[in-house]
Amino acid sequence: MDCAKKTKLVLLSCGSYNPVTNMHLRMFELAREHLQIKGHYEVVKGIISPVGDGYNEKGLIEASHRVEMAKLAVESSSWIEVDSWEGRQADWQETNKVLRHHWEELLSREQGTDVVGTVKAGRKRKRIDAVSISNKRKHGKMEVAHKGLMHKTDGPHLMLLCGADVLESFGVPGLWKNEDIEEIVGSYGLVCITRSSFDVDAFIQGSDLLWPHRHNIHVVREWVANDVSATHVRRALRRGHSVRYLLPDPVLSYIQERRLYTAESEQTNAGVVLAPLQKHAGNHG
Amino acid sequence: MGRIPLVLLACGSFNPITNQHMRLFELARDHMHHTGRFQVVGGIVSPVSDSYGKRGLVPAQHRVAMARLALHGSGWVTVDDWESRQPDWTETVVTLRHHLQKLLGQQPSAADLQMPHSSLEGSSEPPQLKLLCGADFLDTFRVPGLWRAEHVEELVGRFGLVCVSRGDLQADRAVHESDTLFRHRHNIFLVREWVRNETSATEIRRALRRGLSVKYLLPDAVIDYVREHQLYTWQSEQRNKDAVLRPLGQQGAPSEPLNDS
């Protein structure tokens, strides 16, 4: 194994994390293994970025709780962290904006190296100039702690980690802007964990938008079905059923102490339009 | 109040114990409590003995140790190594009888009982012990010659089953297709696990052999134990490779496969 050839990679996962579950955490583990075994990557960091309250999803509890629970969940992890930037924004942030934010953070940490030099040849990247980086750093503190794994000689890449349902959602009218999808798969890349029921390859094949970037879309097959979702966990909690062993114990304790996830909390944003749909209401395609 | 104190016993390889195993207890407890008739006061994990002869079975001392680590913070489920310490493989019904006797305090070693006696006090009803299992276990009754008829009768008649399965109708069908099970259907509690969660011990052993991560599928303490003792390698999976499963090998005696997941 030639370590010098391995490209360093950071995986970013955006989502409600309402609440974080073992399934979310498994997704990171599966992705890292797949990329390190099949690809020429060294996955150096995973970032959980819980969505902001402005997303307006039904049943979404406060971001502060969701961030805190995620932090408890990754306490025992050596490589997964939580970033609260997205959660702290008043307005909902499109996924590509969150990617851009984290990409800029990664680059700014590579201070002292030639930014252009870290750009992988042949890949399009957003032009980041030093001024815009320093402006952004003024506005928020760096949430992501150094783990000392990134080397200056190698610029790490950033990819979006998601489930197949996110990829599938690219097809939902009004939910995504084409140029945003283009940026995500073209400039960054996607690591997609499949559930057996969804044929990811066929979906990519059938999409003129995704097909040109198919080499940037890494499909990770999850051989063993694990449908334990946050929705299921919330339902069980509402009904007073145990969710122990579906999520880390510290997260469960946090929920129980504060009595989060009740029938009432599930009514949050009932009847409200999801932020992306609202935002793109005037757009077509 | 009249609720029957109930203890759930799960027999199996627990090779190794997983989050999925522990979920079975949680699901079963919720279900039995919601019937309004039971107060679940304890759960027992009873790992099978090494003489079971199953392929890939690591020594009982490890399986018991791992189960104890996993259930350390449980508060109501404990691990019992009686079955694993028996010189030969023990039929399920025999294990149930042993634990019921302990529960009813008829054994001199009742002091060993790891569940709080206070749970049993204040109830006018005698405690019950039921077998906790998965749907696959019910299907084994259909295999000709595998179970002694009187054992099946005792298992479902005297003790009872709490069977956790997916949202399909496999368990219902098994009860329907057996006259014995059907007759005792009121003592067979079918618990639905609506979400698929198929991360079995077999999958986990496979992942461990291949050096893949099993984090979040079983407790960190168990993963650490596996690493420390270098359990679950290609070699360990070859154990008992050509051996006959103990229940099937018994001469002139009934064979009873134990549920493994």
Side-chain angles (χ1 to χ4, degrees), chain A residues 1 20-38 43 46 48 70 73-80 195-197 220-253 256, chain B residues 8 17-34 40 43 45 67 69-77 164 166-168 191-208 210-224 261:
Chain A
M1 189 157 61
V20 64
T21 68
N22 283 346
M23 186 192 74
H24 292 125
L25 301 165
R26 282 301 300 157
M27 192 174 64
F28 275 93
E29 297 285 306
L30 288 166
R32 177 163 79 153
E33 272 165 2
H34 176 94
L35 293 163
Q36 294 191 153
I37 291 164
K38 286 203 88 178
V43 179
I48 289 178
V74 300
E75 250 168 14
S76 72
S77 175
S78 61
W79 67 287
I80 307 171
R195 290 170 195 172
S196 43
S197 56
V220 183
R221 300 237 168 259
E222 188 184 13
W223 293 110
V224 180
N226 191 339
D227 291 346
V228 178
S229 65
T231 305
H232 171 77
V233 167
R234 290 198 308 276
R235 183 182 299 128
L237 286 164
R238 278 202 300 283
R239 296 175 184 182
H241 293 160
S242 164
V243 294
R244 191 146 193 205
Y245 311 116
L246 297 182
L247 64 184
D249 278 348
V251 179
L252 182 55
S253 302
Q256 287 168 336
Chain B
L8 301 170
I17 192 166
T18 68
N19 282 352
Q20 193 192 26
H21 290 131
M22 297 189 285
R23 282 298 299 157
L24 294 186
F25 280 94
E26 298 288 308
L27 289 160
R29 178 169 71 160
D30 282 344
H31 180 95
M32 299 308 280
H33 189 85
H34 282 259
V40 177
V45 162
L69 285 170
L71 291 163
H72 174 72
S74 166
W76 69 284
V77 184
V164 181
R166 298 189 298 277
D168 57 16
V191 183
R192 287 286 179 278
E193 186 189 27
W194 292 107
V195 288
R196 282 182 313 166
N197 194 345
E198 292 159 9
T199 5
S200 62
T202 303
E203 281 298 328
I204 284 168
R205 289 198 305 278
R206 181 177 294 132
L208 286 165
R210 298 175 182 182
L212 300 175
S213 162
V214 292
K215 199 168 163 92
Y216 312 116
L217 298 178
L218 58 178
D220 284 346
V222 179
I223 298 174
D224 291 340
S261 58

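These numbers were taken from a predicted model, which means no experiment stands behind them. By convention in this document, chain letters (A, B, ...) are assigned in the order of the sequence lines, proteins followed by strands, and residues within each chain are numbered from 1.
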Between B:Y216 and A:S77, is the side chain to side chain contact (heavy atoms under 4.5 Å, CB included) condition met? List the steps. CA-CA 10 Å; B:Y216 312 116; A:S77 175; 3.7 Å; yes

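If you measure heavy-atom distances from B:D30 to chain A, the contacts under 4.5 Å come from the side chain alone. Heavy atoms of A:I37 lying under 4.5 Å from chain B belong exclusively to its side chain. Neither the backbone nor the side chain of B:H31 comes within less than 4.5 Å of any heavy atom of chain A.
Among residues two or more places apart in sequence or in another chain, the side chain to side chain contact (heavy atoms under 4.5 Å, CB included) test is passed with A:S76 by B:K215, B:D220.
The contact list for residues 234-241 of chain A toward chain B, using heavy atoms and a distance under 4.5 Å, reads A:R239, A:G240, A:H241 by residue number.
The candidate with the highest count of non-hydrogen atom pairs below 4.5 Å against chain B, out of A:L30, A:D249, A:V243, A:T21, is A:V243. Across B:G211, B:S74, B:S213, B:P219, the residue that shares the most heavy-atom pairs under 4.5 angstrom with chain A is B:S213.
The CD atom of A:E33 sits 11.5 Å away from atom CZ of B:R210, with the distance rounded to the nearest 0.5 Å.
Distance alone, capped at 3.5 Å, places no donor-acceptor pair between the A:R244 side chain and the B:R23 backbone.
The 12-atom threshold is not exceeded at NE2 of B:H72, counting heavy atoms of other residues, nucleotides or ligands nearer than 6.0 Å.
Contact between A:Y245 and B:L71 at its shortest, heavy atoms only, is OH-CD2, 4.3 Å.
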